[in-house]
Amino acid sequence: MNNLVIVEHDNNEIAAATLHAVTAAQQIGGDIHLLVAGHNCGGVAEAAAQIAGVASVKVADDASLANGLAENLAGLIVEQAQGYSHILASATTFGKNVMPRAAALLDVAQISDIAEVVSEDTFVRPIYAGNALATVQSSDAVKVITVRTIKFEAAAAEGGSASIEQIGGGADAGLSSWISQAVADNDQVDLTSAKVVVSGGRGMQSGDNFTMLHSVADKLGAAVGASRAAVDSGFVPNELQVGQTGKVIAPDLYIAVGISGAIQHLAGMKESKVIVAINNDSEAPIFQVADYGLVADLFEAVPELDSAL
Amino acid sequence: MKVLVCVKRVLDPQVKARVKADGSGVDLANAKMTMNPFCENALEEALRMREAGTVSEIVVVSVGGGKTEETLRHGLAMGADRAIHVVTEDSLEPLAIAKVLKQVTEQEDAGLVICGKQAIDGDSNQTTQMLSALLGWSQATFASEVKIEGGEATVTREVDAGLETIQVKMPAVMSADLRLNEPRYVKLPDVMKAKRKPMDKIELDSMGLDTANRLTTLKVDEPEGRAAGIIVNSVSELVEKLRNEAKVI
Ligand SMILES: Cc1cc2nc3c(=O)[nH]c(=O)nc-3n(C[C@H](O)[C@H](O)[C@H](O)COP(=O)(O)OP(=O)(O)OC[C@H]3O[C@@H](n4cnc5c(N)ncnc54)[C@H](O)[C@@H]3O)c2cc1C
Ligand SMILES: Nc1ncnc2c1ncn2[C@@H]1O[C@H](COP(=O)(O)O)[C@@H](O)[C@H]1O
């Protein structure tokens with residue numbers, strides 16, 4: 001067996017999610033190779049070679065690969081697919097965008113968002129917003145997989161000494177071009193890797209009121225998250241959304257403030273170790289998953305929490 | 001330009017999925033079904049494009065069993081011009097759906113295909129990307145804003161880091177995110193009008209495609225529930241528990 005893991009990066013740094021995909025590959029077994037496709041991404045390749053358990057790193061450096069455009073990157077993955085039994089990426093928006101395209105070109109299924117490796121051809125994946133877990137067995141010669149990061153530990157970023165091989169490739173399909181990215185506030189703790197997350201919902205009433213949550217978050221070294229309703233209402237940007245269609249996270253502590261606990265929101269946070277809910281409606285479904293529930297007006301409880309920390 | 005909007009019939013998002021006791025799947029008998037929410041966003045966008053004059057005709061297409069017709073009628077009531085129902089009682093995987101949709105796209109000579117970002121039953125998030133690959137067209141997934149002008153589309157995409165803007169050549173395959181628009185409500189007269197709109201039926205078997213599934217579902221389990229928690233009476237009790245009992249702060 002040979003695994004090819006597609007490295008997600010911004011030409012400077014490897015996304016933490018990739019380390020989780022490497023662990024899934026380790027559980028499948030066999031050699032692990034990484035594909036770094038980008039532009040001026042030599043530093044990323046060197047960092048990739050340090051990841052524990054990796055045998056080799058293939059680097060394709062070309063302007064057409066600078067921004068992970070699906071058409072160009074999928075073409076490259078298909079060119080490199082020969083000899084691999086498994087091709088993996090993390091189930092981030094990056095992986096979700098490119099991997100199904102590569103799978104279709106290879107005429108194989110994609111197995112989305114695996115939560116467990118049962119054997120080399122059998123995987124568990126959540127369906128219906130995580131309300132059911134399907135165990136699926138693949139009959140394809142090449143298994144194209146995206147990995148649910150919270151279900152696999154991160155591989156060690158250091159300790160490996162993989163060989164680095166420059167490969168050609170990187171033809172511009174001429175179908176799309178990258179224009180810009182509105183990047184999130186860099187000062188904030190990363191939502192997907194934070195140990196503590198404080199999330200706000202529609203109950204927060206405004207974006208300004210999120211300053212209360214930021215203050216609590218700062219004291220706890222926490223990231224701030226949100227429900228879809230809070231994002232849709234324009235309180236906070238879309239990258240903070242937790243849930244079925246936002247980010248799936250599992251911090252040690254998740255504090256849900258003014259969030260009702262819809263199925264779709266629970267899908268993104270119900271595997272957190274400890275869940276706290278602050279809500280003034282004692283019937284809110286969020287209390288069914290909360291380890292500690294506080295029935296209170298958040299406009300009183302949050303400032304009080306802030307000063308108690 | 002003709003646009004094809006791909007819609008799927010799924011379990012209503014307000015209904016909690018229940019796993020069958022024998023572990024063979026999710027129990028859909030008598031369950032409330034609707035059009036996949038993301039597909040409503042896809043259709044709404046097409047309707048707005050037609051209103052803006054970018055699009056001349058909207059065809060909704062769905063692959064599924066007999067009841068799929070209801071979902072297509074809903075699409076017609078929202079305002080689509082025609083419907084195509086590819087009939088099969090089998091539950092196809094995204095790769096097979098993409099092959100079917102490719103053939104329909106080519107037959108219809110559509111210049112744009114809009115899908116939903118993901119179907120909320122299988123949560124696959126694959127069909128759009130696969131269809132785009134099979135057609136060899138441009139791909140713009142997770143769209144929260146679309147502008148089509150002069151043979152190109154500028155698309156803002158919801159990505160993990162925030163918002164990304166790309167430009168794609170037409171023809172293209174796009175997938176709609178929830179914030180692309182707010183789907184319109186259907187009024188009773190629209191429902192009546194929809195009954196008279198054309199709906200073509202194509203038997204899957206007549207298409208000559210290999211739509212065999214590549215995955216076998218061995219079992220479907222209920223996830224482990226969480227143990228019941230407690231209600232605390234004050235913020236100070238909460239902080240005390242988090243410090244000394246849960247030890248997470
Ligand atoms: C296809 C689909 C996908 C979706 N994906 C997601 C997703 O990824 N993530 C997501 O979050 N949602 C998602 N949703 C939306 C989801 O169904 C809910 O609508 C949403 O989660 C509700 O957000 P909320 O809890 O903030 O708002 P509400 O449901 O309106 O809840 C607000 C809560 O705040 C409480 N509250 C109000 N005022 C106060 C106060 N002063 N003090 C204390 N408590 C107060 C209320 O009691 C209430 O419980 C999706 C929906 C669909 C259909
Ligand atoms: N059976 C189907 N018929 C028509 N369109 C579909 C079907 N299944 C999926 N799609 C389209 O593909 C999108 C993504 O679905 P999925 O890849 O299953 O998450 C859906 O929102 C639809 O637009």
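Lettering follows sequence order; numbering is per chain, from 1.
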If you measure only the distance, is there a donor-acceptor pair under 3.5 Å linking the side chains of Ser112(A) and Gln126(B)?
yes
With a 4.5 angstrom heavy-atom cut-off, could you sort out which part of Val159(B) is near chain A: side chain, backbone, both or neither?
both
Among Lys219(B), Gln118(B), Arg243(B), the residue with the most heavy-atom pairs under 4.5 Å to chain A is Lys219(B)
Side chain, backbone, both or neither of Leu11(B) within contact of chain A (heavy atoms, under 4.5 Å)
side chain
Which bit of Ala308(A) is near chain B, if near means a heavy-atom gap under 4.5 Å: side chain, backbone, both or neither?
both
Measuring heavy-atom distances to chain A, does Arg214(B) have an atom under 4.5 Å in its side chain, in its backbone, in both, or in neither?
both
The interface call for Thr192(A) against chain B, heavy-atom contacts under 4.5 Å, is neither
Check each atom of Arg125(A) against the heavy atoms of chain B and say whether the ones under 4.5 Å are side chain, backbone, both or neither.
side chain
Heavy-atom pairs under 4.5 Å with chain A - which of Ala17(B), Gly136(B), Pro223(B) has more of them than the others?
Pro223(B)
Decide side chain to side chain donor-acceptor pair (under 3.5 Å) for Asn67(A) and Glu164(B); before the verdict, give the C-alpha distance in whole Å, the side-chain angles of both, and the deciding distance to 0.1 Å.
CA-CA 10 Å; Asn67(A) 302 102; Glu164(B) 179 188 79; over 6 Å; no
So, Arg226(B) side chain and Ala290(A) main chain: donor-acceptor pair closer than 3.5 Å or not?
no
Greatest number of non-hydrogen atom pairs under 4.5 angstrom with chain A, of Asn233(B), Thr128(B), Val168(B), Val235(B), falls to Val235(B)
Verdict with reasoning, Tyr292(A) to Glu245(B), per side chain to side chain donor-acceptor pair (under 3.5 Å)
CA-CA 11 Å; Tyr292(A) 302 105; Glu245(B) 194 175 85; 2.5 Å; yes
Which bit of Val302(A) comes within less than 4.5 Å of chain B, counting heavy atoms only: side chain, backbone, both or neither?
neither
Name the region of Ile230(B), side chain, backbone, both or neither, that has any atom closer than 4.5 Å to a heavy atom of chain A.
both
